[in-house]
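A quick write-up on the structure given underneath.
From a predicted model like this one, the values you see are computed outputs, not experimental measurements. What you see below is based on every heavy atom in this structure, not just the backbone, and it leaves out hydrogens, waters and symmetry mates. Order of listing sets the numbers, starting from 1, for every ligand and every atom in it.
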Amino acid sequence: DELQKDKPKNHFTVGIYDDVTHTSIGYDDSFTTEADDVIRAKFYGLGADGTVGANKNSIKIIGEDTDNYAQGYFVYDSRKSGSQTVSHLRFGPRPIHSSYLVNKANFIACHQTVFLEKYDMLSDAVEGATFLLNTPAGPDEVWDTLPREVQEQLIKKKMKFYVVDAYKVAREVGLGVRINTIMQTCFFAIANIIPKDEAIAAIKDSIQKTYGKRGEHIVKMNFDGVDRALNNLHEVKIPDKTCGLNHRLSKIRIQPPVPDEAPDFVKNVTGMMIADKGDQLPVSAMPIDGTFPTATTQWEKRNIALEIPVWDPNVCIQCGKCSMICPHATIRMKIYDEKHLEDAPETFKSVKARGRDFPEGSAFTIQVAPEDCTGCGSCVDICPAKNRTQPGLKAINMQPQMPLREQERENYNFFLGLPDYDRRKARINTVKGSQLLRPLFEFSGACAGCGETPYVKLLTQLFGDRAIIGNATGCSSIYGGNLPTTPYAQNEEGRGPAWSNSLFEDCAEFSFGMRLAIDKNNEQARELLQELAGEIGEQLAKEILSADQKDESGIYEQRERVKVLKEKLKTISSPQAQRLLTLADYLVKKSVWGLGGDGWAYDIGFGGLDHVLASGRNVNLLVMDTEVYSNTGGQMSKATPRAAVAKFAAGGKPTPKKDLGMMMMTYRNVYVAQVAIGANDSQTVRAFIEAENYDGPSIIIAYSHCIAHGTDMTKGFSHQKDAVDSGHWILYRYNPDLIKEGKNPLQLDSRAPKISIEDYAYQETRYKMLTLSKPEEAKRLIEFAQEDVKTRWHIYEQLANLDYSQIPDAAD
Ligand SMILES: Cc1ncc(C[n+]2csc(CCOP(=O)(O)OP(=O)(O)O)c2C)c(N)n1
Ligand code: SF4
Ligand code: SF4
Ligand code: SF4
């Protein structure tokens with residue numbers, strides 16, 4: 001059509017509406033090339049629930065076992081799990097050349113009930129299409145749980161409708177939340193592409209091939225899942241006009257992608273992307289300088305948790321551990337004056353605050369954000385308080401989310417309105433004190449139970465209102481700033497971390513650049529302040545220039561002074577004063593951090609990391625060590641331990657893990673800490689505070705369990721204790737400031753190994769699978785790994801006991 005115009009466009013794009021450079025051409029989005037006998041299917045899944053993998057497998061079965069041609073497109077974002085995936089599949093008797101997504105589907109499957117109220121997924125269904133829904137509601141109850149838009153389309157398009165409670169089946173057979181084979185079986189049972197029995201035999205065959213290496217019991221669980229799926233699959237009778245249909249249309253409606261109270265940008269741009277309609281945004285909707293507003297994950301309300309924790313104030317010992325560990329900042333703690341409880345919702349819980357630090361009349365609350373919680377269970381696992389009257393229960397216990405959603409939403413909103421604890425009064429170097437600080441990293445799209453994110457959250461609690469963060473590409477850049485939303489948030493004063501993603505390889509240098517820019521701006525501001533002291537007031541200038549900003553009070557007071565300074569500068573019209581006005585905020589201490597994974601720190605970015613730490617400048621690096629390249633699927637890095645299986649180390653890693661901390665300690669003027677938040681949360685808090693306080697380079701290496709380890713993510717944090725108890729992960733802090741005092745800078749924070757490496761490692765599939773595929777090699781490597789542990793401990797123990805009283809301070 002374009003070529004037939006008088007002046008067709010020379011270069012053009014299709015699919016993007018470019019109202020800025022006007023290079024796009026229009027298109028007909030209902031255009032299709034395939035004939036009616038092509039089966040077109042769409043599957044809505046949740047990242048890591050196995051939907052995509054199962055569909056790839058279905059394509060293989062149909063492509064190989066029948067005369068049909070098959071095609072698949074898989075739409076998902078770069079988050080490893082927890083976000084929506086849509087699989088677009090086509091099967092037909094002739095080659096398929098449709099290079100676009102399915103928009104006229106005759107089969108639609110919704111693998112997650114919650115998506116029903118989020119996406120109008122049946123709008124792509126053709127007349128007579130089939131709809132398969134995974135739902136806890138049975139065939140007789142499900143109708144009343146559907147949004148009205150779904151009901152109307154089921155009726156209007158005369159669709160067939162099936163339900164299965166795949167989570168129930170998965171639980172019964174021991175598959176946990178892995179529903180992929182169950183849903184795949186249901187698809188084959190009702191899609192009529194190949195005879196049911198043949199399909200089931202093919203599915204079982206591929207289960208054997210896929211999971212055989214992981215052990216017979218995993219194969220059996222999946223076989224059981226397949227067999228039981230069919231017994232739980234039911235056709236639902238769709239009411240027609242003759243049965244008083246209008247009375248049975250639901251009051252539930254598909255929800256707008258973000259709530260009405262969200263800011264305009266979030267409603268008009270972010271919301272479109274959340275609703276899967278980002279392609280419809282014109283180019284002009286994008287921010288011109290590429291900066292996106294922060295604090296936008298709060299509007300997503302993903303509602304992916306089947307169960308959420310429920311707090312029992314009578315059992316709680318108010319330790320703050322649940323809040324500390326929560327990877328998603330969805331369980332929070334506040335201590336506030338009980339007078340604020342006057343307008344509390346009826347079901348809002350609070351209890352008298354314990355502890356001498358808190359004035360009489362203080363109340364304590366643990367509150368969950370019900371729609372943002374992922375249901376990972378980490379908080380319950382870590383909670384130390386047991387209910388004596390009801391064994392098996394703790395101070396927080398998981399309960400179904402659905403019945404609690406409305407009530408807890410109201411409670412959470414009330415909780416947010418309660419005043420934040422005064423940072424100057426909190427003992428922030430303790431677990432409890434740190435958890436009184438508001439997290440400025442919340443509701444990220446990391447996998448449920450992620451081992452990395454609690455560290456990022458803690459960083460933002462302690463320093464977030466003045467943090468500048470450079471982030472290496474990896475999981476932390478994806479959950480840290482992946483469109484459409486940003487988990488970095490702001491406090492009541494509008495302060496929060498400034499964040500930018502570097503390249504994978506240059507995070508240390510990138511953060512170093514931030515440090516240099518800040519220092520230069522601070523230097524200029526100080527010079528101008530000295531120059532203008534007469535006009536501004538000698539006393540104020542002197543106080544600002546000599547301010548001690550070592551703690552929260554010092555920083556607070558400096559902020560107050562800078563506020564006064566800015567007001568004064570507004571009344572002075574000289575160019576110097578105007579310049580100082582733009583630089584004044586640099587007079588308040590900033591905290592510069594470089595964040596990333598072990599792939600960055602141990603491998604690809606190691607040269608830069610080493611260079612920056614050797615620079616002596618005040619840059620803090622946080623390495624979240626998952627011992628593999630997590631975001632790209634678990635490839636081996638130099639942090640991968642001996643005997644673990646990873647991609648590129650299918651036979652088990654033959655060489656030991658690189659000791660990055662030990663290497664950096666050789667500089668003597670670098671603060672180095674190795675931490676594991678689940679094993680020792682107090683030590684983690686202390687390390688973060690010391691690293692930030694240290695006026696020089698620092699590196700924290702943080703043990704981070706990951707889905708790539710094949711470990712039970714519900715127990716990921718408590719399992720970190722095993723990593724420490726086995727000696728695989730030694731906890732320590734190396735503080736060069738101690739050398740000045742004639743003390744040994746290396747302090748070991750964990751004890752000599754007390755369990756064997758096998759007791760730790762064989763709880764994880766990454767080690768265990770080698771015992772199945774290559775038992776002899778597994779035995780050989782795990783023995784070496786045990787030797788690694790012994791040797792490492794022996795060296796660290798001696799280093800920590802060296803006498804430093806006669807050693808001169810290198811920094812002097
Ligand atoms: C130079 C370069 N190589 C490869 C990639 C692709 N890539 C992006 S993230 C990543 C892995 C990150 O692993 P890690 O640093 O361990 O962080 P994690 O995902 O484990 O948090 C890779 C290989 C890239 N972005 N740039
Ligand atoms: S279940 Fe997981 S996401 Fe939910 S509050 Fe607990 S730790 Fe946080
Ligand atoms: S971890 Fe348990 S005991 Fe501690 S504050 Fe949370 S709910 Fe209370
Ligand atoms: S580090 Fe592991 S658990 Fe965390 S988001 Fe990445 S893949 Fe998921």
Is the backbone of Asn134 close enough, under 3.5 Å, to the side chain of Thr113 for a donor and an acceptor to pair up by distance?
-> yes
Using a strict cut-off of 4.0 Å, indicate which atoms of ligand 4 neighbour a heavy atom of Glu452.
-> 1 (S)
How about Cys326: does one of its N, O or S atoms come closer than 2.8 Å to atom 4 (Fe) of ligand 2?
-> no
Does Gln401 use its side chain to pair, donor to acceptor, with the backbone of Pro370 at less than 3.5 Å?
-> yes
Among protein heavy atoms, which lies nearest atom 1 (S) of ligand 2, and at what distance?
-> Gly377 N, 3.2 Å
Which residue holds the protein heavy atom closest to atom 8 (Fe) of ligand 4, what is that atom called, and what is the gap in Å?
-> Cys447 SG, 2.2 Å
Distance from atom 4 (Fe) of ligand 3 to nearest protein heavy atom, with residue and atom | Cys319 SG, 2.3 Å
Are Tyr760 and His728 an aromatic pair by the rule of ring centers under 6.0 Å?
-> yes
Please check if any side-chain donor atom of Thr626 sits under 3.5 Å from a side-chain acceptor atom of Ser630, or the reverse.
-> yes
Just need the protein heavy atom nearest to atom 2 (Fe) of ligand 4, so name the residue and atom and give the distance.
-> Cys706 SG, 2.4 Å
Check: Phe463 ring centroid to Trp593 ring centroid under 6.0 Å = yes
Got the closest protein heavy atom to atom 3 (S) of ligand 3, with its distance?
-> Ile317 N, 3.4 Å
Considering only protein heavy atoms, which is closest to atom 6 (Fe) of ligand 4, and at what distance to one decimal place?
-> Cys475 SG, 2.3 Å
Pro327 and ligand 2 - part of the residue with a heavy-atom distance under 4.0 Å | side chain
Going by heavy atoms, is Cys379 under 4.0 Å from ligand 3?
-> no
Atom 7 (S) of ligand 4: nearest protein contact (heavy atom, Å) = Lys80 CG, 3.3 Å
At a 4.0 Å threshold, what atoms of ligand 3 neighbour a non-hydrogen atom of Pro384?
-> 1 (S)
Can you list the atoms of ligand 3 that are under 4.0 Å from a heavy atom of Ala385?
-> 3 (S)
Pull out every atom of ligand 2 sitting under 4.0 Å from any heavy atom of His328, numbered as shown with elements.
-> 3 (S)
Per-atom contacts, ligand 2 versus Thr330 - under 4.0 Å to a heavy atom | 3 (S), 4 (Fe), 5 (S), 8 (Fe)
